[in-house]
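One structure is given here, and the rest of the page talks about it.
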Amino acid sequence: MNTYEIVNKYLEEAEIVLAPSTAKNYRSVLYEFARTCGKEEASRAKLIQHIKVLKDKGNSNNSIRCKLTDIKVFVRWAVDNGYYERDFAANIPQPQPEYHVAERMTKDEVVTMLHMKAPKLSHVNNISRNKAIMELAIVTASRVSAICALNAEDIDLEHRTVTFKHTKRNKELVMPLTESLCNTIKDYMENDRPQVLTASDPLFVGEIPRNGRFYPLTRQQIY
């Protein structure tokens, strides 16, 4: 079997337990490695060559570290399942990490954002939705993809909590909400969220249905 075929076997198993966005990332990383291997069998030399290819393409050390970790997990799986005789990736060192100090919002900036008029991004009146998204991101410090994956039933306005079910470790994470945020979300759900949607449907959706269905916002739309 060539590298592409072995990768596809791995993804068939991995995609059962991975979040869709994570599975998509794995596929991209491993297909990229398969392209470096070409028709030749995956090996230590090919992996070292692949790291050089990533550097030449301008990937940062942090990006290469993440991709190399994914490849190492794949190689271990391939060895355990009899596709490779030895773990040729095990002793390949990771590039040195690059540390960047994140620029944090000040308290005054947070207060200003929470009290500003949320932008109206289209002809549809979605102001309460946009404000709810911004406030939820600030209060919970959650990843945008986790906010996109929320269903209405994940919000408990009575107990002021939100349950994130699509975390990096695939474990449920329950976080408290402020009274102000609960009021904002309630305003959105009662006035601007399409009434045809149920509790099990996505919380934040686009304004216009496609094929009679409202789809959850993507990360790109929220950005």
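Quick note: residue numbers are just sequence positions, from 1.
Looking at heavy atoms from C-beta onward, L11 lies in side-chain contact with V7 at the 4.5 angstrom threshold. Looking at heavy atoms from C-beta onward, T161 lies out of side-chain contact with L177 at the 4.5 angstrom threshold. Two residues are said to be in side-chain contact when any heavy atoms from C-beta on lie closer than 4.5 Å; S128 and T184 fail this criterion. Within the 4.5 Å cutoff, no side-chain heavy atoms of F164 are placed close to those of E172. Residues F204 and P216 fail the side-chain proximity criterion, which asks for heavy atoms closer than 4.5 Å. Side-chain contact between S63 and L54 is absent, with no heavy-atom pair separated by less than 4.5 Å. Between M113 and I138 the shortest side-chain heavy-atom distance falls below 4.5 Å. Residues D187 and D192 are not in side-chain contact: their nearest non-hydrogen atoms beyond the backbone lie 4.5 Å or more apart.
A salt bridge does not link D156 with R160: none of the charged nitrogens is closer than 4.0 Å to a carboxylate oxygen. The residues R27 and E15 are annotated as salt-bridged, a charged nitrogen and a carboxylate oxygen being separated by less than 4.0 angstrom.
Residues P194 and V205 come closest through the heavy atom pair CD-CG2, 3.8 Å. Across every non-hydrogen atom of N91 and R44, the tightest pair is C-NH1, 4.0 Å. For the pair A132 and I185, the tightest heavy-atom approach, listed with the atom from each and the gap, is CB-CG1, 4.3 Å. In plain terms, the two heavy atoms of F214 and G206 that are nearest each other are CD2-O, 3.4 Å. Listed here is the closest heavy atom pair of L68 and Q94: CD2-OE1, 3.4 Å. Residue R219 comes nearest to C148 through the heavy atom pair N-SG, 3.7 Å, listed as atom of the first residue, atom of the second, then distance.
Here the rule is ring-ring contact (aromatic ring centres under 6.0 Å, His included) with Y4, and of Y10, Y31, F33 only Y31 fits it. Each of V174, T140, V139 was scored for a side chain to side chain contact (heavy atoms under 4.5 Å, CB included) with V162, with one residue passing: T140.
For K72, the NZ atom is densely surrounded, since the number of other residues' heavy atoms within 6.0 Å is greater than 12. Atom CD of Q220 has more than 12 heavy atoms from other residues, nucleotides or ligands within 6.0 Å. The neighbour count for D56 CG, taken as heavy atoms of other residues, nucleotides or ligands under 6.0 Å away, is above 12. Residue E40 qualifies as open at atom CD: its count of foreign heavy atoms under 6.0 Å is 12 or below. Within a 6.0 Å sphere centred on CD of E5, heavy atoms belonging to other residues, nucleotides or ligands number more than 12.
Side-chain atoms of T178 and S180 form no donor-acceptor pair, as typed in the model, at a separation below 3.5 Å. Between the side chains of E153 and T163, no donor N or O sits under 3.5 Å from an acceptor N or O. A donor and an acceptor atom, one from each side chain of D201 and T198, are located under 3.5 Å apart. Checking N59 against K67 by side-chain atom types alone, a donor-acceptor pair falls below 3.5 Å.
For F74 and Y26, the ring centers are positioned 6.0 Å apart or more.
To the nearest 0.5 Å, atom CD of residue E98 and atom OG of residue S60 are 5.0 Å apart. To the nearest 0.5 Å, atom CG of residue L30 and atom CD1 of residue I71 are 6.5 Å apart. Rounding to the nearest 0.5 Å gives a distance of 9.5 Å between CD1 of I6 and SG of C37. For the atom pair N191 CG and I127 CD1, the distance stands at 12.0 Å (nearest 0.5 Å). Within the model, atoms CG of L136 and NZ of K131 stand 12.0 Å from one another, a figure rounded to the nearest 0.5 Å. Distance check, rounded to the nearest 0.5 Å: CD1 of I147 to CD1 of I222 gives 6.0 Å.
A continuous path of Ile, Leu, Val, Met, Phe, Trp and Tyr side chains, each step under 4.5 Å between heavy atoms, connects L157 with Y188, placing both in one hydrophobic cluster.
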Next on the checklist: Between E41 and K46, is the salt bridge (Lys or Arg N to Asp or Glu O under 4.0 Å) condition met? List the steps.
Outcome noted: CA-CA 8 Å; E41 183 177 346; K46 280 296 179 183; over 6 Å; no

